[in-house]
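Comments concern the structure below.
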Amino acid sequence: MPPVDETGRRRPSRAPRTPMPERDPVERAQDFDEVALGYTEEQALAEADRCIQCANPTCIAGCPVNIDIKAFIARILERDYAGGVAVIKERNALPAVCGRVCPQEEQCEAACVLSRKGEPVAIGRLERFLGDYDLACDLEHRCRVEVGQDSGRKVAVIGSGPAGLACAGELRRFGHAVTVFESLHAPGGVLTYGIPEFRLPKSIVQAEIEMLQATGVEIVTDAVVGATYTLQELMSVHGYDAAFIGVGAGLPIFLGVPGENLNGVYSANEFLTRVNLMRAYEFPKADTPVWRGRKVAVVGGGNVAMDAARTAKRLGAEQVFLVYRRSEDEMPARREEVHHAREEGIEFKMLCSPQEVLGRDGWVTGMVVTRMELGEPDESGRRAPVCVVGSEHTIECDTVVVAVGTRANPLLTTATPGLEVSSRGYILTDEDGATSIPGVFAGGDIVTGAATVILAMGAGKRAARAIDRYLRDSS
Amino acid sequence: MFAIVHKRQLSESVFEMGVHAPQIARKVRAGQFLMLRVNERGERIPLTFSDWSADEGWIRFIFMRVGKTTHLLSHLEVGDALADVVGPLGVPTHTEGLGRVAVVGGGVGTAVAYPVARAMLEAGNEVTAIVGARTKDLLILIEEFEALPLAKLMVVTDDGSAGEKGLVTAPLARLCDAGAIDHAMAIGPAIMMKFCAQTTKERGVPCTVSLNPIMVDGTGMCGACRVTVGGETKFGCVDGPDFDGHLVDFEELMSRQRVYADLEREADAEFSKECSCRL
Ligand SMILES: Cc1cc2nc3c(=O)[nH]c(=O)nc-3n(C[C@H](O)[C@H](O)[C@H](O)COP(=O)(O)OP(=O)(O)OC[C@H]3O[C@@H](n4cnc5c(N)ncnc54)[C@H](O)[C@@H]3O)c2cc1C
Ligand SMILES: Cc1cc2nc3c(=O)[nH]c(=O)nc-3n(C[C@H](O)[C@H](O)[C@H](O)COP(=O)(O)OP(=O)(O)OC[C@H]3O[C@@H](n4cnc5c(N)ncnc54)[C@H](O)[C@@H]3O)c2cc1C
Ligand code: SF4
Ligand code: SF4
Ligand code: FES
């Protein structure tokens with residue numbers, strides 16, 4: 001029981017933030033098992049006890065889906081874990097996922113009153129604790145969101161990433177029938193093909209998706225909308241009354257430097273897809289191969305670059321370089337990931353810009369980079385890097401992974417007449433996600449450009465509410 | 001799961017297979033391809049549609065046994081099922097208003113050339129087919145080609161065991177020189193397409209090639225399939241697989257096709273070991 005003062009009021013603990021138990025960096029860099037082990041019950045209770053239970057909980061506004069953080073922490077304090085799960089599931093169908101991959105330090109935790117002293121409540125870790133608690137129960141005993149009364153309406157959700165899954169889950173609560181169409185052979189979007197096993201075990205993603213299926217969400221894999229089906233056809237022939245597009249921004253961007261098509265140059269998407277979705281790290285037990293470099297240069301500074309670098313290490317690379325144009329302060333990756341990457345021996349080459357990939361007999365042998373200096377802030381507010389003349393030098397490597405971002409994939413949008421997109425191919429919507437086609441909504445990376453899991457989920461949920469209104473108005 | 005409804009062996013290492021896939025069958029157009037996975041551990045591989053029936057709900061493809069996946073596939077029978085079939089992918093072959101067309105199929109590329117020739121005919125073109133293989137036993141689909149209303153069918157083998165002795169480029173050059181064709185379409189191993197492109201380029205005849213880079217997703221997501229065409233990087237799966245043969249960097253394509261050669265051999269050897277123990 002948490003201590004109470006003489007008036008019977010609870011006195012929150014003043015202990016420092018409870019550290020996350022993690023595996024030893026040397027050991028973990030040899031395999032694909034999860035790095036962060038999760039709080040034990042004791043640790044969760046100790047951390048929950050740090051929460052002040054503020055009268056005006058500022059944390060909630062920091063969460064893009066406004067989870068009632070104060071309430072779920074209160075349930076933990078009461079050891080009512082199932083109750084805590086239920087509070088989260090009111091707002092977020094994938095707590096075990098978000099607790100692991102949300103950039104909490106910029107969201108809920110940044111908004112916690114205790115963050116002023118630099119030690120916010122570890123909201124994400126507590127959320128993960130509850131998510132894992134739920135998944136540890138057998139299917140019948142897991143927290144299940146209530147499904148609404150059958151509305152007789154059918155909605156097609158295109159893409160099974162976080163945006164599509166969140167939308168589908170929410171639509172079930174309104175009682176609409178939902179079919180999710182996914183082009184790959186497995187659902188989950190980036191959660192499945194992009195984010196590596198050691199950060200987000202695929203069994204967790206699968207279990208969370210099974211929960212959604214248990215509420216009646218139907219998932220059809222191997223269905224490329226724009227090819228196997230057109231959107232128009234889903235609505236006019238297959239009888240869907242509305243649709244949500246959450247196809248992500250999956251088209252890899254390359255550097256556009258000479259030598260980029262040499263053998264041994266991968267997009268991060270290809271590298272991670274081979275390893276995660278196709279399980280190439282088990283090759284030849286799994287059939288898909290991946291080239292295991294000895295010296296690997298990863299270009300980029302985001303989460304994707306960190307994931308690629310740490311994956312290369314786990315595939316047995318002796319040296320992995322992270323080559324980034326700006327300085328470490330500008331890196332968009334989560335601090336925690338940068339820290340983990342460093343611990344695992346990734347070598348950071350900051351302020352370096354690739355000029356050319358060198359090769360012999362068709363294979364990569366190195367990469368020429370120029371040193372950069374930080375100049376004036378650019379439109380993003382970050383200081384723009386400028387080349388230092390004459391500073392070219394070569395990084396010796398046999399593999400290059402390009403992780404400098406992705407763009408909108410035009411496959412669906414170009415096959416859908418009347419669907420308005422921006423000059424860069426992203427779908428244009430109003431704030432509820434409505435597109436230029438009546439009854440068709442969109443959200444997630446295909447609207448905003450590459451963003452985060454929770455923002456994609458938030459967009460999916462908002463669209464689900466708008467779809468519900470649309471269906472009621474049109475009935 | 002996608003049930004196998006048809007299987008036929010066309011030669012020592014070439015098979016035709018049909019799969020129940022009604023939704024895909026409704027959409028296919030000539031020149032498009034599918035991605036399939038044999039089982040849960042399987043690789044995703046691209047194969048071209050060779051035939052389809054929207055009414056009966058099946059699609060067919062023809063494959064050559066070259067490595068582990070095609071090996072596994074060749075062991076499956078009617079009544080078995082494939083874990084995944086995705087498609088139709090890629091841009092359909094352009095067939096309208098080409099005039100007099102030579103469709104060149106080499107080796108297993110013949111499997112792709114056959115539906116293309118059919119589509120070229122349906123679009124009102126005059127079609128001459130040139131079908132080549134190393135030797136007589138590797139020639140496929142000859143009867144099917146003979147059944148088409150072609151202007152001419154020319155058969156070529158490297159060793160002269162059937163038809164003309166030599167390479168497909170010889171009759172192609174003659175057709176160009178005689179001014180008998182307005183357009184060529186070459187489908188086969190990269191090296192064959194390279195020389196067809198060269199032959200036609202020297203003679204000022206446009207030439208389309210159907211490229212076969214290594215692919216993972218087949219939907220534009222990974223960039224494994226990138227090819228250089230006219231100095232620009234293109235994705236084979238979404239921008240192609242057909243490209244202007246005169247502009248393709250074939251050396252790069254051939255190099256990129258070899259990336260996993262050693263690893264693939266390892267997987268196939270491992271598999272053959274298991275395979276022979278079971279027999
Ligand atoms: C390697 C990596 C690491 C990341 N790490 C983090 C992190 O730690 N924290 C975080 O918050 N965010 C992270 N992100 C970003 C986050 O994953 C994305 O912002 C989020 O997944 C976007 O969700 P989405 O649903 O819009 O799209 P996606 O997750 O991309 O899902 C789209 C789905 O649609 C499918 N699809 C595409 N086209 C079609 C079609 N025509 N028909 C049918 N289906 C189609 C795709 O196959 C895919 O499954 C990371 C991204 C990557 C790539
Ligand atoms: C658009 C397209 C259409 C194709 N159509 C046909 C067809 O109709 N019939 C047919 O027999 N083959 C076709 N191919 C080639 C076919 O995909 C490969 O033969 C197949 O992937 C080999 O797999 P495997 O595991 O049996 O052999 P592996 O052991 O993987 O490799 C054997 C050889 O095939 C090549 N290869 C391996 N993986 C791929 C891949 N994913 N894509 C292309 N080549 C690869 C390698 O260069 C290697 O030398 C097509 C390829 C493409 C890109
Ligand atoms: S979903 Fe993300 S932002 Fe919201 S409370 Fe959970 S960890 Fe924080
Ligand atoms: S702001 Fe921080 S301390 Fe206050 S209720 Fe939220 S988590 Fe607890
Ligand atoms: S196969 Fe992945 S982009 Fe073409």
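What you are looking at is a predicted structure, and each value in this text was computed from that prediction instead of being measured. Every chain is numbered from 1 and lettered A, B, ... according to where its sequence line falls, protein lines coming before strand lines.
Judged by distance alone, the side chain of A:Lys202 and the main-chain N or O of A:Leu200 form a donor-acceptor pair under 3.5 Å. Panel note: side chain B:Glu16, backbone B:Arg60; no donor-acceptor pair is recorded below 3.5 Å. For A:Thr230 (side chain) and A:Gly226 (main-chain N/O), no donor-acceptor pair under 3.5 Å exists by modelled atom type. Without hydrogens or angle criteria, B:Gln9 side chain to B:Glu12 main chain gives a donor-acceptor distance under 3.5 Å.
Residue with the most contacts toward chain B among A:Leu251, A:Val402, A:Asp222: A:Asp222 (heavy-atom pairs, distance under 4.5 Å). Here A:Pro289 is the residue among A:Ala286, A:Pro289, A:Ala280 with the most heavy-atom pairs under 4.5 Å with chain B. Of the residues considered (A:Thr406, A:Val290, A:Asp361, A:Thr221), A:Val290 shows the highest number of contacts with chain B, using heavy-atom pairs under 4.5 Å.
Taking each heavy atom of A:Leu184 and B:Met221 in turn, the nearest pair found is CD1-SD, 4.3 Å. Considering every non-hydrogen atom in both A:Ile446 and A:Gly425, the closest pair reads CD1-O, 4.4 Å. In this structure, B:Met193 and B:Ile187 approach most closely via the heavy-atom pair SD-CA, 4.1 Å.
B:Phe63 pairs in a side chain to side chain contact (heavy atoms under 4.5 Å, CB included) with only one of the listed residues (B:Val108, B:Thr69, B:Leu47, B:Thr48), which is B:Leu47. B:Val19 pairs with exactly one of B:Phe61, B:Trp52, B:Trp58 by the side chain to side chain contact (heavy atoms under 4.5 Å, CB included) rule, that one being B:Phe61.
Interface with chain B: from residues 263-277 of chain A, residues A:Asn263, A:Val265, A:Tyr266, A:Ser267, A:Asn269, A:Glu270, A:Thr273, A:Arg274 qualify, criterion being any non-hydrogen pair under 4.5 Å. Residues of residues 24-45 of chain B that come within less than 4.5 angstrom of chain A, heavy atom to heavy atom, are B:Ile24, B:Arg26, B:Lys27, B:Arg37, B:Arg41, B:Gly42, B:Glu43, B:Arg44 in numerical order. Residues of residues 78-91 of chain B that come within less than 4.5 angstrom of chain A, heavy atom to heavy atom, are B:Ala83, B:Asp84, B:Val85, B:Val86, B:Gly87, B:Pro88, B:Leu89 in numerical order. Within residues 246-254 of chain B, the residues that have a heavy atom under 4.5 Å from a heavy atom of chain A are B:Glu252, listed by number.
Between A:Arg294 and A:Glu318 there is a salt bridge, with a side-chain nitrogen of the basic residue lying less than 4.0 Å from a carboxylate oxygen of the acidic one.
The closest side-chain heavy-atom distance from A:Tyr426 to A:Asp445 is not below 4.5 Å. Here the side chains of B:His94 and B:Met185 are not in contact, with every heavy-atom distance at 4.5 Å or above. In this structure, B:Ile214 and B:Tyr260 have side chains that are in contact, with non-hydrogen atoms separated by less than 4.5 Å. Side-chain contact check for B:Gln23 versus A:His238: some heavy-atom pair is nearer than 4.5 Å. The shortest distance between side-chain heavy atoms of A:Pro162 and A:Leu191 falls below 4.5 Å. Annotation: side chain of B:Leu76 is not in contact with side chain of B:Lys7 (no heavy-atom distance under 4.5 Å). Annotation: side chain of B:Ile4 is not in contact with side chain of B:Glu77 (no heavy-atom distance under 4.5 Å).
Residue A:Asn409 touches chain B through its side chain alone, counting heavy-atom pairs closer than 4.5 Å. Of the two parts of A:Leu411, only the side chain, counted from C-beta on, holds a non-hydrogen atom closer than 4.5 Å to a non-hydrogen atom of chain B. For B:Val259, the parts lying near chain A are the backbone and the side chain together; criterion is any non-hydrogen pair under 4.5 Å.
Between B:Thr208 and B:Asp242, the side chains place no donor N or O within less than 3.5 Å of an acceptor N or O (distance only, hydrogens not considered). Remark: the A:Tyr240 side chain and the A:Thr179 side chain contain an N/O donor-acceptor pair separated by less than 3.5 Å.
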